[in-house]
Structure formats: structure tokens, C-alpha cells
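Take a look at the structure set out below.
Owing to the predicted nature of the structure, the values given are computational and were not obtained by experimental measurement.
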Amino acid sequence: MGSRYTTETGIYMSSFAAMVFISGLVTVGVSMMALLISLAVMLQSCENRNSGVLQTYKDIDLYGYCKNYALHAELNSLDIDFFPATCKDVAIKYINEGQYMRDLNITVSIAEDFFSRVRPLNDSREIVLMDADDFFASENLHSHLLMRWIDKDAFHDSSRVKNVFAMKLYLKLQAGGWPLILISRKPEKLRDDAIEHLASVGCSGWSSLIMRTDSETQMDSQKHFSRQRTALQNEGFRIIATISSQMDAVRGPCLEERIFKLPTPMFSYKMEDNVESTNL
């Protein structure tokens, strides 16, 4: 009938050894799972970090894009409708996040550095020409157009900030003994109100205040400034510098040694459209 016994291959393992072996497998499995989770978290973190960097580059590109639009609009006296809608948030951040204030501070510092190295002569013929309208609030300057596009508070804040820095530079020049002549786009009939306002903000001691005559009321602002500069030079004055936040005051033929253009918010308006306003 043959033998009932057969020989089988295998490994003998006690119950304790089997338990250790299985525990090792479980440990390896848990370790691999933990490793996979850690890698997934690291990859997600890296992706988020790179996303932030990419977003930063996008913000920088958009800022440069909008700044170029703003410069073009300012050079050509274009109004707010010229700006792309994508620049709205950039324009608000430019004011609210302090970049506009920093730009003003840099420009004023450059002007102060220049005037720290030059001194006025004793003949009182060397003068500094300043834009008087930089000392006035801007609520009435086509604000109804701006409010369709930019936050009202941001607009008013930018106006106040500009007034503060213009006044800071004015007082610095006055302390340095420079004769200051102010020129405004406002009509002559508002002279008394203008003088009262200038005194109320601490702007006093200027040598002269030039305003539009009746015949100049409808004149282009740039032509008005150029004509007044020429008249002053014909009278024997030497204009050392012109200071203004508006392009119309610093463009055109002139013999000034320096021009200091105060920065403006990242939008523009046509200043000459408001010369008839009676509000200061």
C-alpha cells in the first residue's frame, strides 16, 4: 500500500517569532504611510510657497503696468476713463499701503538735498516757483469722475498727504532764505479767499502770488504757467527751480536749473477743467 508519510518544504516559526515578524511588517507599513504623508505635506507647502512667489511677481508686473499707464495719462492730461479696470485695486493700494507717501518723501528728500548745496544770493533775484494749488484740498477737482473709479477716502487721504509734503518743502525753503513765488490756476477774483486759505495752512511769507487774469481764465494751464515763467525771467528774476505735482506746471520752455515733480496718485484728471471753481 506504500508509505503514508511525505516530505514538505517550509520554515518552522514559533508563535513568538511570527508575532515579531508580523509586528515588523506593520511597523514598516506605518512608517511608509507616514513618509508618504510627510512628502505630500512638503509638496503642498512647496506649491503654496511657489504660488506666493508667482503671485508676488504677478503683482509686481501689474504694478509696473499700471504705473506706466499712469505716467502716460499724466503726460497727456488724460482723465480717469483712460485707465484699465485692472488698475483700480493697484491705485487704491498705492495710497493705502503707503507707497504714495514713500514716493513723496523720496522726492522731497531729493529737493532738500539739492537746496542744501546751493544758497540764494543777496540780490533777491533768485527765486523758487511753487505751485500754489498743491496747498489746496482737491475735493473739487473732478471728484465725481474719480469716485466712480476709486475709493473716496483713499482719494481724500492722498490729497491730504500731498498737502503735508508740499508744506514741508515750502517751510524748508523758507527757512533757507529762498524767495518763494506761488502760481495758481485759480482766477484773480478768488485772490482774497486763496490768501486766507494759504494763511490758514501756515503758508505765509511768500514774495508773490500769481493768479489768472480775466483774459487768461480760459487759457490752457500749461500755457498759463509758461507765460508767467517767461514774464518773471523778463523782469530779471532767475528761477532756480519749479516745484509742482502737476505736469502742466513743469512742461514747456523754461530755463530753470531744476524741476521737482511731486508724485501724484495713480490716476489723473484735467486740472484746467476746474479753474472756474469757487471752492478752495
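Applying the side-chain hydrogen bond (donor to acceptor under 3.5 Å, both in side chains) test to T213 and every residue at least two apart in sequence or in another chain returns S215, E216.
The environment of E196 atom CD is sparse: at most 12 non-hydrogen atoms of other residues, nucleotides or ligands sit within 6.0 angstrom. Heavy atoms of other residues, nucleotides or ligands lying less than 6.0 angstrom from CG of D214 number 12 at most.
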Report the C-alpha distance between F115 and K172 in whole Å, list the side-chain angles of each, state the deciding distance to 0.1 Å, and finish with yes or no for side chain to side chain contact (heavy atoms under 4.5 Å, CB included).
-> CA-CA 9 Å; F115 285 107; K172 187 79 172 182; over 6 Å; no
Decide side chain to side chain contact (heavy atoms under 4.5 Å, CB included) for I239 and R258; before the verdict, give the C-alpha distance in whole Å, the side-chain angles of both, and the deciding distance to 0.1 Å.
-> CA-CA 9 Å; I239 304 176; R258 287 295 175 93; over 6 Å; no
Side chain to side chain contact (heavy atoms under 4.5 Å, CB included) evaluation trace for F165 with D103 = CA-CA 11 Å; F165 278 91; D103 287 349; over 6 Å; no
Determine, step by step, whether Q99 and Y63 satisfy the side chain to side chain contact (heavy atoms under 4.5 Å, CB included) criterion, reporting the C-alpha distance in whole Å, the side-chain angles of both residues, the deciding distance to 0.1 Å, and the verdict.
-> CA-CA 11 Å; Q99 187 59 50; Y63 175 79; 3.7 Å; yes
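Between P84 and Y65 the shortest heavy-atom distance is CG-OH, 3.7 Å. The two atoms that bring R119 and R117 nearest to each other are NH1-N, 4.2 Å, heavy atoms only. In terms of heavy-atom proximity, N76 sits nearest to R251 at N-NH1, 4.4 Å. L71 and M247 make their closest contact through CD1-CE, 4.2 Å (heavy atoms, listed as atom of the first residue, atom of the second, distance). Across every non-hydrogen atom of G177 and P120, the tightest pair is O-CG, 3.6 Å. Minimum interatomic distance between I181 and S207 (heavy atoms only, all atoms of both residues): CG1-CB, 4.2 Å.
Follow the hydrophobic side-chain contacts under 4.5 Å out from L171 and you reach V128 in the same cluster. Hydrophobic clustering of Ile, Leu, Val, Met, Phe, Trp and Tyr side chains at less than 4.5 Å, counting indirect connections, unites M167 with L180. In terms of hydrophobic clustering, with Ile, Leu, Val, Met, Phe, Trp and Tyr side chains grouped at heavy-atom distances under 4.5 Å, V164 and V201 are assigned to different clusters.
Looking at L198 and F136, their side chains come closer than 4.5 Å, going by heavy atoms from C-beta outward. Residues L209 and I195 form a side-chain contact, since some pair of their non-hydrogen atoms from C-beta on lies under 4.5 Å apart. Counting heavy atoms from C-beta outward, N163 and F135 have side chains that stay 4.5 Å or more apart. L129 has its side chain within reach of L232: a pair of non-hydrogen atoms, C-beta onward, lies under 4.5 Å apart. Proximity of M130 to W206: side-chain heavy atoms (C-beta onward) are nowhere separated by under 4.5 Å. At a threshold of 4.5 Å between non-hydrogen side-chain atoms, the residues V118 and W178 count as touching.
Taking CZ of R229 as the reference point, atom CZ of F237 lies at 15.5 Å (rounded to 0.5 Å). Considering CZ of R212 and NZ of K189, their distance stands at 12.0 Å, rounded to 0.5 Å. In this structure, the separation between OG1 on T242 and CG on D131 is 10.0 Å, given to the nearest 0.5 Å. We find the OH-SG distance between Y94 and C87 to be 13.0 Å, quoted to the nearest 0.5 Å. With rounding to the nearest 0.5 angstrom, the CZ atom of R227 is 11.0 Å from the CG atom of D220. In this structure, OG in S245 is found 8.5 Å from CG in D133, a value given to the nearest 0.5 Å.
A cation-pi arrangement is not found for K93 relative to Y100, the charged atom failing to lie both closer than 6.0 Å to the ring centre and inside a 45° cone about the ring normal.
Classification of E74 and K261 as a salt-bridged pair holds, one side-chain N sitting under 4.0 Å from a carboxylate O.
T264 and Q246 share no side-chain donor-acceptor pair at under 3.5 Å. Residues D134 and Y170 have side chains that never bring a donor and an acceptor to within less than 3.5 angstrom of each other.
For D113 (side chain) and S109 (main-chain N/O), no donor-acceptor pair under 3.5 Å exists by modelled atom type. With hydrogens and angles ignored, the 3.5 Å screen pairs a side-chain donor or acceptor of H224 with a backbone N or O of S184. Of the possible donor and acceptor atoms, none in the side chain of R191 sits under 3.5 Å from a partner among the backbone N and O of P187. No side-chain donor-acceptor contact under 3.5 Å links N105 to the backbone of M101. Distance alone, capped at 3.5 Å, is enough to place a donor-acceptor pair between the E126 side chain and the L121 backbone.
If you run side chain to side chain donor-acceptor pair (under 3.5 Å) between D248 and each of K223, R185, Q222, only R185 comes through.
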